[in-house]
Structure formats: C-alpha cells, structure tokens
Amino acid sequence: MRTQVAIIGGGPAGMLLSEMLHRAGVHSVVLEQRSRAYVLSRIRAGVLEQGTVDVLRANGLGERMDREGHAHDGMKIVWGSSDSFFIDVYKHLGKRFVAYGQTNIQEDLFAAADQREATVLTEAEDVQPMDVTSERPYVTFKYRDEAIRLDCDFIAGCDGFHGVSRKTIPQGVLREFEKVYPFGWLGVLSETPPLPDIVYANHPRGFALASMRNERLSRYYLQVPLDTKIEDWSDDRFWSELQVRFPRELADAVITGASIEKSIAPLRSFVAEPMSHGRLFLAGDAAHIVPPTGAKGLNLAVSDVFYLSRAMAAFYERGSTSLLDGYSAMALRRVWSSVRTSWYLTNLLHRFPAASEFDQRAQEYELTYLKSSHHAQAALAEQYAGLPFEEAV
Ligand code: FAS
Ligand code: PHB
C-alpha cells in the first residue's frame, strides 16, 4: 500500500487529521487497533474551546455540534456553603465554550470519513512505524490476518498515551515530564436534565464537577482515592456523595437517575518532547496528557492537528518544510500553557491527602483572592479559554 500520510490511531486526533488533510488535497490512511464500536463506546471529554469549535466548523464538522451542543459563557467554581465565582470567559475574552461530547465528535468524524470513502482500517494489529528518520518511512501492520507494508511520506502518531508511536523516538532523543496525582475521577453519565452551568466544587471531602452532554444527558464526576473500586460505588452512593460536596441550593437542584456509564480515570500531567522525530509527528495524547480539570485534553489534540495539517499541506502545496520543522516547538508552546493551567486548577480544586494545614490555608486564600480580584479572574478566564492558535510565519 502507498499513501502520503500514514496516521496511527483513529481517535479524535487521527480522524480529524485525516479530514483536514483530505480538505487540503493530501491522501492519508488511518490505522486503528480497535473496532469502531469500541472507539465509540469510550465516554471522555465534553467541553470544547472556541478554537476547537472554529476548527470543526471550518472543516464541515459543525452542523450537528451547532444543533446539539450547548454554548456557555464560562464555568462556576463553588466552595464552602455559599462562596462562588464564575470564570466568565465571554465577559473577559468575548469567547464561548460549547458542551458537546467527544463521542459525538467521533461519530461525526467517522461519518465524514465514510462520506469521502476514506481508508480507515479498524482492528489493525501490530502497527509499527519504520525508518522514521529516512526519506522513505513506512508502517507495517496486520489486517485480517494479512501482513501489510504501507509506504508513505510522513507518519502521524495519533495513538494516544499507550500507543506505539512515542516509543519509536529513541530514549536519548525523547524527554518525558510527568506528574501523577494521588487521586482519580469517578465519572457518571445519566439520562437526567443537567444543572444549567458547568460547576466545579472544592469540598473538604474532595472535588466534584457537574457537566452535561445535552439537555437530557448529564455528566458528573467525584474525586476518589486511587485504589477506588467501581463496584463499591452504587448510584445511590454516588448521588448522595455528590450532593454533600455541592452547596445546598445546587445539591437540591441535581436531578438524580440511573447511571448509563460509570468509569474511573486516573489523573496525570505528562509531556513528551520533542513531538517530532524525522518524518514521525506526534499529536494528541500520544504526546501529552493533562488532568481533565481544565477540560484541555481533547482541545490540545485539536490544536496539535491544526498545526500539523497546516504544516503538511504547506509541504505538498509548495515543498516548504519550515512549518514541519517548527511543528514541535509551536505545538509545545500551547501544550505547556494548557498543562500549567490544568495543573493549577487541579491544585486549586482538589483535596490532596498529604496536604499540610499550610497547604490547605494557601488553597483557601487562592480561592478567596480569585473571588475578590477581577484581574485574577480575567487571567484565569484567558487561560481557560485556551490561547489563540499561532499564525504560520
Ligand atoms: P485517543 O486515546 O482518544 O485515541 C488514540 C487512538 O489510538 C485510540 O482509538 C486507540 O485505540 C488507538 N491506538 C492506540 N495504540 C494503537 C496502536 N498501536 N495501533 C493503532 N491504533 C492504536 N479530556 C477532556 O478534555 N475532558 C475529559 O473529561 C476527559 N476525560 C477523559 C477520560 C479518560 C478515561 C481518558 C483516557 C481521557 C480523557 N480525556 C478528557 C482526554 C481525552 O479526551 C483525550 O484528550 C483525547 O481522547 C485525545 O485524543 P487522541 O489524541 O486521539 O487519543
Ligand atoms: C465533561 O463534561 O466531561 C468535563 C467538563 C469539564 C471538565 C472535564 C470534563 O473540566
């Protein structure tokens, strides 16, 4: 087989890259190890930055999002019995967020790929990037019991944190930065009307979050210890704990119901540098992981793909390699900004088991300061909205 760009991974990064390359006249093949049904069964992100919304609209992926998505001016942070403030992204930046599930985006991406009869090979096994530092890289894999070689000009590693691509970069070249948090998030999806706002709660018993997928589908999270077992959390226990962690008037407004999905995600911050090596380019979770506190994971995957598709299009249009050469540095500037914001919000809103009384006081003061300072809220809103994409110079 031969293509211009071999894309490893059919999650949001891989499928969006394939779509954007197609629109730039560049051919790609997507190799996904799981079935389409499995990819669509994963419940993950739910909040899209304005930059992500703009990219999806510009690539013909906005119609259902605009119909079913929920626009928000910002998010609410609550703590204690009545303390709260609103991260008003619209007031400070003139931008809005859209609550629209990653699952929906994945469905829209698969539908667009089917529309253009794209080559998306699911259940591809033993995918291996080869000769990535040569001018003739290729990928080997097994498909329906047949061993296949896919020759290409470039390889895009969009295969997530546990993928094979990042591991292809030699140890002497790759630098990894990691911070593991001493807790996870227990998430529930329920067919119940959500609270009107996305609400983050800091409570002595732990963090809680109220979000949504649409006006009939709610998404809630609780901070839980790392050794938590899902079977220990009945729906009743989840709802009563959630209502303890929200101030009374919010707790009373929560409409409970049977969970249709329940999962635990560990929290970590992780960045791999550089995000390219020879003709291999990493995008999305293959290169970085953020704690979901800042709702940045999916949005970073989109910004990486925006930069990478622009760079590859420039190569095929006019033979220029400058954007490809500068991809890693440009993507990492935005990655580290989001990694820092997500780390800051995780420290601000969670209870750390080993926190000293000093740490606790400092956290409480930070919340009080944010509540009192228009400037501090504007700075947080700017970070939360996500930095603008850099121009191609
Ligand atoms: P993905 O992991 O989504 O996709 C990678 C794809 O590559 C997968 O389909 C995988 O099967 C495939 N793959 C892996 N190895 C392969 C191989 N060797 N060969 C071929 N294919 C291979 N972000 C938020 O903003 N908010 C959230 O609330 C949130 N919750 C999350 C909960 C969980 C449990 C997880 C894991 C992540 C969550 N995220 C959240 C982050 C998430 O949304 C990611 O940022 C997003 O999926 C990134 O997309 P990709 O980079 O495409 O990686
Ligand atoms: C979600 O809706 O899943 C969500 C919202 C905000 C976050 C993380 C996840 O920070």
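Indexing begins at 1, ligand by ligand and atom by atom, following the structure's order. Quantities reported herein were computed from a predicted structural model and do not represent experimental measurements.
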Subset of ligand 1 atoms that lie under 4.0 Å from at least one heavy atom of Gly284: 51 (O)

Return yes or no for this condition: an N or O of Gln33 is under 3.5 Å from an N or O of ligand 1. yes

Compute whether any side-chain donor of one residue and acceptor of the other, for Ser328 and Glu273, lie under 3.5 angstrom apart. no

Would you mind listing which atoms of ligand 1 come within a distance below 4.0 Å of any non-hydrogen atom of Cys158? 5 (C), 6 (C), 7 (O)

Write out the residue and atom name of the closest protein heavy atom to atom 14 (C) of ligand 1, then the distance separating them to 0.1 Å. Asp159 O, 3.1 Å

Pair Asp114 + Arg36, salt bridge at N-O below 4.0 Å: yes

Considering residues, nucleotides and ligands other than Arg237, do more than 12 of their heavy atoms fall under 6.0 Å from its CZ? yes

Tell me, which protein residue and heavy-atom name are nearest atom 27 (C) of ligand 1, and how many Å apart are they? Ala45 CA, 3.5 Å

The closest protein heavy-atom partner of atom 4 (O) of ligand 1 is Gly11 CA, 3.6 Å

Under 3.5 Å, N or O to N or O, is Ala265 touching ligand 1 that way? no

If two hydrophobic side chains count as joined below 4.5 Å and joins carry through other members, does Phe110 share a cluster with Met65? yes

Nearest protein heavy atom with distance in Å, relative to atom 44 (C) of ligand 1: Asp285 OD2, 3.2 Å

Consider every N or O of Arg42 and every N or O of ligand 1, then say whether any pair is closer than 3.5 Å. yes

Find all atoms of ligand 1 within a distance of less than 4.0 Å from any non-hydrogen atom belonging to Ile8, and give their numbers and elements. 19 (N), 20 (C)

Option passing salt bridge (charged side-chain N to carboxylate O under 4.0 Å, His left out) with Asp108 (candidates Arg67, Arg57, Arg64): Arg64

Is Arg2 salt-bridged to Asp153, cutoff N-O under 4.0 Å? yes

Pair Arg116 + Glu19: basic N to acidic O under 4.0 Å: yes

If the cut-off is 4.0 Å to any non-hydrogen atom of Leu298, which atoms of ligand 1 fall inside it? 23 (N), 25 (O), 45 (O)

Inter- and intrachain pairs under salt bridge (charged side-chain N to carboxylate O under 4.0 Å, His left out), touching residues 246-260, at least two apart: Arg248-Asp252

Tell me whether Glu68 is salt-bridged to Arg213, with the criterion being a basic N under 4.0 Å from an acidic carboxylate O. no

Give a yes or no on this: more than 12 heavy atoms of other residues, nucleotides or ligands lie within 6.0 Å of atom CD of Glu135. no

Under 4.0 Å from ligand 2 - residues by heavy atom, chain and number: Arg44, Gly46, Val47, Trp185, Tyr200, Leu209, Ser211, Arg213, Arg219, Tyr221, Pro292, Thr293, Ala295

State whether Asp235 and Lys262 are salt-bridged, where the test is any N-O pair (Lys NZ or Arg NE/NH1/NH2 against Asp/Glu carboxylate O) under 4.0 Å. yes

What atoms of ligand 1 come closer than 4.0 angstrom to any heavy atom of Gly163? 15 (N)

Ligand-residue contact atoms, ligand 1 with Arg34, heavy atoms, under 4.0 Å: 11 (O)

Looking only at protein heavy atoms, what sits closest to atom 6 (C) of ligand 1 is Glu32 OE1, 3.6 Å

Under the 6.0 Å and 45° cation-pi test, does Arg42 pair with Tyr38? no

Has ligand 1 got any nitrogen or oxygen that is less than 3.5 angstrom from a nitrogen or oxygen of Ala13? yes

Protein contact of atom 39 (N) of ligand 1 - nearest heavy atom, named by residue and atom, plus distance: Arg44 CB, 4.4 Å

Centroid separation under 6.0 Å, is that true for the rings of Phe315 and Phe154? yes

If the threshold is 4.0 Å, N to carboxylate O, is there a salt bridge linking Arg144 and Glu123? no

I need the atoms of ligand 1 closer than 4.0 Å to a non-hydrogen atom of Val127, numbered in the order shown. 19 (N)

Per-atom contacts, ligand 1 versus Tyr221 - under 4.0 Å to a heavy atom: 28 (O)

Between ligand 1 and Ala295, can you find any atom pair, the residue atom being a heavy atom, that is separated by under 4.0 Å? yes

Any side-chain donor paired with an acceptor under 3.5 Å for Ser218 and Thr192? yes

So which bit of Trp185 gets within less than 4.0 Å of ligand 1, heavy atoms only: side chain, backbone, both or neither? neither

Top protein contact for atom 47 (O) of ligand 1, by heavy-atom distance: Gln102 NE2, 2.9 Å

According to a hydrophobic-cluster definition based on side-chain heavy atoms being under 4.5 Å apart (Ile, Leu, Val, Met, Phe, Trp, Tyr only), do Val254 and Trp233 belong together? yes

Considering only protein heavy atoms, which is closest to atom 25 (O) of ligand 1, and at what distance to one decimal place? Gly297 N, 3.3 Å

I'd like to know if the side chain of Tyr181 pairs up with that of Ser269 as donor and acceptor (distance under 3.5 Å, no hydrogens or angles considered). yes

